[in-house]
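Below: one structure, written as structure tokens.
Remember, predicted model here, so these are calculated numbers, not experimental data.
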Amino acid sequence: MTAAGALAGLGGVALFAASGWAITEALPGLRVLALRHRLAYAYLLGVAWIAGGLYVLSHLLAVPLRRPAVLSLALAAIAIGAVCLAARLRARTSPGDGTGGRSAPLPRSGPGRRRRGTRRLALAPAVAALAVAVAGVVTLGVFCDALTDPLRDWDGRMTWAAQARYVRAAGTVDAPVLRDARWYVTHPRYPLLLPLAQVAVLELAGADDDAVPFRAAYAAFFPVFLLLVEEGARRWAGRRAAALAVLAAALVPFLAFSPEGGAIAAYSDLPLACFYGGALLLLLRPRPRLSHGLAAGLLLAAAALAKLEGAPLALWAALLALLPLTGKSWRAGARRWARERLAPAGLAALALSLAVGLRLAWAAGIPERYDENYASLVAFRTLGRTLGRTLGPALARLPLVLRLARVKMFWFPSWSLFWWIAPFLLLLGRHGLRRRVALPLALAAAAPIAIALAAYAVSEDLEATVLTTWDRFLVQAGVPFFVLLALALRSVLGRGADGDAVSSEDSAK
């Protein structure tokens with residue numbers, strides 16, 4: 001890739017990050033996050049806003065997929081953020097409360113809380129520095145690959161980049177090549193969020209279809225993934241455990257450098273993992289706001305428009321958000337549950353339902369061909385018959401599936417020693433998994449595996465399917481799993497200071 005192509009790729013990353021940052025300005029729950037965590041969510045929201053907006057504009061309003069549409073969406077987000085920032089600055093400087101418009105300082109923990117656990121936290125800065133150094137080096141390697149080499153992965157070239165070419169050439173998501181059954185198109189009903197993100201980068205740069213500056217947009221999901229893990233783990237497990245969880249994730253070769261689903265590839269699994277995991281962490285916060293629900297709704301909508309399995313995963317995340325995470329009395333807990341769980345989850349579910357409706361309306365005009373048609377598994381008219389027909393074969397296939405999965409998980413070039421060590425740490429730190437938040441995290445991590453097993457039950461080529469997809473389902477479960485691992489690590493390391501797992505947002509509240 002030329003220097004101009006590399007700059008175009010970084011320009012695409014900046015486009016999504018700037019648009020998302022402006023959106024976070026309108027969301028108080030995200031505005032108070034630490035800078036790095038806010039930037040991670042901003043990137044995800046920017047991709048969801050621009051690519052999802054192109055989906056809506058193209059299918060519902062027939063707006064051409066060209067540079068004016070991309071810039072209009074970006075400018076609309078920036079305008080919203082500017083208006084919210086101006087209103088906040090005006091409120092901050094207006095007199096009337098005796099403070100001169102200045103916000104009250106954040107509460108600080110007392111001397112006793114600072115002293116408690118000081119010895120245990122002595123290594124926290126060193127562990128954090130090591131995690132930052134390793135994550136930074138790996139991220140740099142990912143971006144160097146994305147900005148210098150051509151696209152080498154199979155699905156990226158066969159499916160996602162090909163679909164981006166189709167819709168960009170036609171100027172619409174309803175491209176004739178997708179809607180005409182005479183054309184050979186693999187997976188024609190695959191949702192187009194990530195191909196539309198590619199189109200946005202290419203249109204912004206004015207690049208031709210053979211250029212691949214969009215690879216940088218995929219590479220950016222790797223540091224976003226690490227920051228999501230760090231934000232969730234730091235909240236519930238503390239600084240040391242969060243740093244170790246990030247270190248473990250950064251050292252997994254598959255996440256960063258696999259051409260079959262890692263950050264250097266143009267697969268949709270790592271983006272889906274970020275959308276799904278980021279939305280889940282927002283909805284599982286101790287005191288979620290409506291702004292958390294709105295942001296989570298945008299991310300769940302993006303998950304539903306990223307891959308076929310994104311919709312059931314997004315629905316599952318919205319349902320897990322309804323689990324009560326407090327130990328209050330039933331009456332007080334019910335009121336708090338309705339206020340802090342039901343409202344944000346309902347708002348997120350509403351955004352998700354709109355995205356699913358959009359995807360179904362778009363796919364209705366596309367004839368199904370050259371696809372496994374896994375969607376038939378969830379057709380309610382045939383669900384009972386499908387379960388009856390596949391349950392027996394699925395149980396018979398399970399030993400082979402487990403054997404193949406073990407081969408993939410313990411293959412050193414992909415996962416190093418991670419799956420040798422992680423189960424041992426979960427067992428050793430099982431007391432840390434007694435926290436209420438551990439249950440929804442575990443259920444969220446199990447959901448992609450359940451979808452994988454359901455797909456394997458009807459696969460015509462079981463061995464090839466497992467060997468090519470199992471790693472990617474593990475990636476989709478990555479964010480909740482690594483946060484769960486951090487909870488176990490906290491127990492193994494010994495609990496630090498009481499304020500160790502309290503973020504700036506919780507303190508502000």
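Here the CZ atom belonging to R369 is positioned 10.0 Å from the OG1 atom belonging to T186, to the nearest 0.5 angstrom. In this structure, the separation between CG on L467 and CG on D461 is 9.0 Å, given to the nearest 0.5 Å. Considering NZ of K307 and CG of L272, their distance stands at 7.0 Å, rounded to 0.5 Å.
Proximity of L227 to L39: side-chain heavy atoms (C-beta onward) are nowhere separated by under 4.5 Å. A heavy-atom distance below 4.5 Å is not found between the side chains of D471 and D269. At a threshold of 4.5 Å between non-hydrogen side-chain atoms, the residues L192 and L305 do not count as touching. The shortest side-chain heavy-atom distance between L280 and P480 falls under the 4.5 Å cut-off. Taking the side chain as every heavy atom from C-beta outward, D155 and R472 approach each other to under 4.5 Å. You'll find the side chain of L300 stays beyond 4.5 Å of the side chain of L315, heavy atoms only. Side-chain contact between V138 and F222: present, with at least one pair of heavy atoms (C-beta onward) separated by less than 4.5 Å.
In summary, the side chains of S258 and Y267 do not present any donor paired with an acceptor at a separation below 3.5 Å, with no hydrogens or angles considered.
Identified under the side-chain hydrogen bond (donor to acceptor under 3.5 Å, both in side chains) test for residues 8-34, with sequence neighbours left out: T24-R38, E25-R38, E25-R88.
Using cut-offs of 30° and 60° for the angle between ring planes, the F221 and Y218 rings count as tilted. Relative ring orientation between W470 and Y456 is described as tilted, the plane-to-plane angle lying within the 30° to 60° band. Between W362 and Y55, the angle of the ring planes goes over 60°, which puts this pair in the perpendicular group of the 30/60° scheme.
When every heavy atom of R359 is checked against every heavy atom of A311, the shortest pair comes out as NH1-CB, 4.0 Å.
The aromatic ring centres of W316 and Y276 sit 6.0 Å or more apart.
A salt bridge between R215 and D153 is absent, with no side-chain N of the basic residue lying under 4.0 Å from a carboxylate O of the acidic one.
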Inset, instruction - Please test E230 against H37 for side-chain contact (heavy atoms from CB on, under 4.5 Å), starting from the C-alpha separation and ending with a verdict. - result: CA-CA 8 Å; E230 198 257 346; H37 301 146; 2.3 Å; yes
